[in-house]
Each structure stands twice: as structure tokens, then as C-alpha cells.
Amino acid sequence: MKRDKLIQAVQQQMPERRWLHTLGVMETSVALANEYGADPVKADLAALLHDYCKYWSIERQKEWVIKEHLPVELLQYDKQLWHGPVAAELVQQEFSINDEDVINAIRYHTSGRTNMSMLEKIVCLADYMEPGRDFPGVDQIRELSKQSLEKALIAGFDSTIRFLISKGKKIFPLTIESRNFLIDEMKNMKEE
């Protein structure tokens, strides 16, 4: 599908304010890809599609998790996690997008995972820090992104974890594993 048709399809799935967020994630992802040597075309595509299912009803997302045999433990955690894995499945079926790195960047942008690719880090981080985001600590994340994707992502995960704790919610184990993996990854970079 051509880019303009994809844009139209995505835009129809969300309210205007979320479309503005998507545009911000696209812009930020391409900038980070250019800064860190990733493929800006893939970054743009993954960012365009990352929230495709964000405004589906919770029941519809739940049905997809079950129907597509996604990890059902997702359903035991915050509903905000679900739209990434659901969108990753849907864009393969609906738009025939099969680039594994793009699919994984969409799938894991809500949680992170261990051993994230450069593209996965970029889209996950861009989702935290696009220009429209305004939450305590976002400016620090933006500053850290100029030094290191990993440092900025750790700060992003820390922000998510603090927020979930403040709300008395459970923390998805993959988010904690992602944070821990990034700390080890940075330590290994220093030792090399």
C-alpha cells in the first residue's frame, strides 16, 4: 500500500489529537534514526503504524489477543499495553507489512523487550518524547536522547514504572526486564 493510503487508513483510526501524536512520533523517529544510523524509512513506517489499534475498544483488542494467540498474560496487565501487539498482528494481515524489525518496533513500543533492535529503541523512545508529550521528566528524556538511546529509554521506563506504582497498578515484567537489559547493555558498552 502506498504511503498516502497508509496515512489515510491510520488517520481514520484515531481522533485528531492522537493523529498529532502519531505525526510527532514519526518526526522524532526519523530524527533519531538519522542521528543514530538507523533506517529512517523503516522508522517512519513503524512510527506511522504504532498506534493503529490504540482507539479500538478494549473488548476488540482483547478478542484479537485471544484470536491471534498473542501472549494471554498481557490481559492481566494494564490495557495500555495491548494495542502494540494487536497492531503488530493487524498490519501484517491488513497491509501485508512483513518487515520483522518494523513489526517488532510496533509490537514492543508499549513495553520494550530484552535485546531491542536500534529501530525498536527509536520508536519506543520517540513515543515517550515526541514534541507533544508533556509529563514530569520528559525534558530530561529528550536531553538524554542526545547522549544515548539507552539512557533515555531507561529514563522513559523509569517514568512508566513510577507512574504505575503511583496508581497502584501492576508492572508488566517485560518492561522491568527491558530496563534491566539496557543497564547491562550500557555496562557492557563501557567495558568494551
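What you are looking at is a predicted structure, and each value in this text was computed from that prediction instead of being measured. Positions are given from 1 along the sequence.
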Item checked: Non-neighbouring partners of Phe95 that pass side chain to side chain contact (heavy atoms under 4.5 Å, CB included), sequence neighbours left out -> Met1, Leu6, Ala9, Leu49, Tyr52, Val91, Ile97
Next item on the list: Could you check if a side-chain atom of Phe181 sits within less than 4.5 angstrom of a side-chain atom of Ser178, using non-hydrogen atoms only?
Entry: no
Margin query: Do Gln8 and Gln11 have side chains that approach each other closer than 4.5 Å (heavy atoms only, starting at C-beta)?
Written below: no
Note to self: Within a 6.0 Å radius of atom CD on Glu100, are there more than 12 heavy atoms belonging to other residues, nucleotides or ligands?
What the structure shows: no
Note to self: In the structure I gave you, are the side-chain heavy atoms of Thr22 and Lys54 within less than 4.5 Å of one another anywhere?
What the structure shows: no
Checklist line | Which atom of Ala87 lies closest to which atom of Cys53, heavy atoms considered | finding: CA-SG, 3.7 Å
Notebook entry, point to check: Would a 4.5 Å heavy-atom cut-off, applied to side chains only, mark Val86 and Val65 as touching?
Noted result: yes
Next item on the list: Provide the full list of ring-ring contact (aromatic ring centres under 6.0 Å, His included) pairs with a residue in residues 135-167, sequence neighbours left out, each pair given once.
Entry: none
Show me the donor-acceptor pairs, under 3.5 Å and distance only, between side chains in residues 38-45 and residues at least two apart or in other chains.
residue : atom : partner : partner atom : Å
Asp39   : OD1  : Val41   : N            : 2.8
Asp39   : OD1  : Lys42   : N            : 3.3
Lys42   : NZ   : Asp99   : OD2          : 3.0
Asp44   : OD1  : Arg3    : NH2          : 3.1
Asp44   : OD2  : Arg3    : NE           : 2.9
Asp44   : OD2  : Arg3    : NH2          : 2.9

Item checked: Residues His83 and Gln61: side-chain donor-acceptor under 3.5 angstrom -> no
Next item on the list: For Asp127 and Val123, indicate whether the former's side chain and the latter's backbone hold a donor-acceptor pair under 3.5 Å.
Entry: no
Notebook entry, point to check: Should Asn188 and Glu191 count as side-chain neighbours, where that means a heavy-atom distance under 4.5 Å?
Noted result: yes
Margin query: Could you tell me if the side chain of Arg133 sits less than 4.5 Å from the side chain of Ile141, heavy atoms only?
Written below: no
Check: Considering all heavy atoms of both residues, which atom of Leu81 and which atom of Thr110 are nearest to each other, and what is their separation?
Finding: O-OG1, 3.0 Å
Checklist line | Nearest heavy atoms of Ala47 and His50, plus distance in Å | finding: O-ND1, 2.6 Å
Check: Does the pair Asp139/Arg142 count as a salt bridge with the N-to-O cut at 4.0 Å?
Finding: yes
Margin query: When you measure from the side chain of Glu68 to the backbone of Leu70, do you find a donor-acceptor pair of N or O atoms at a distance under 3.5 Å?
Written below: no
Margin query: Within this structure, what is the CD1-OG1 distance for the pair Ile176 and Thr114, rounded to the nearest 0.5 Å?
Written below: 13.5 Å
Checklist line | Shortest non-hydrogen contact from Arg107 toward Ala88 | finding: CB-CB, 3.6 Å
Check: Hey, are Ser148 and Glu150 close enough side-chain-wise for a donor-acceptor pair under 3.5 Å?
Finding: yes
Margin query: Do Lys62 and Ile66 make a side-chain contact, defined as non-hydrogen atoms from C-beta onward lying under 4.5 Å apart?
Written below: yes
Note to self: So for atom NZ, which belongs to Lys170, do other residues, nucleotides or ligands contribute more than 12 heavy atoms lying within a distance under 6.0 Å?
What the structure shows: yes
Notebook entry, point to check: Any side-chain heavy atom of Lys121 sitting closer than 4.5 Å to one from Leu32?
Noted result: no
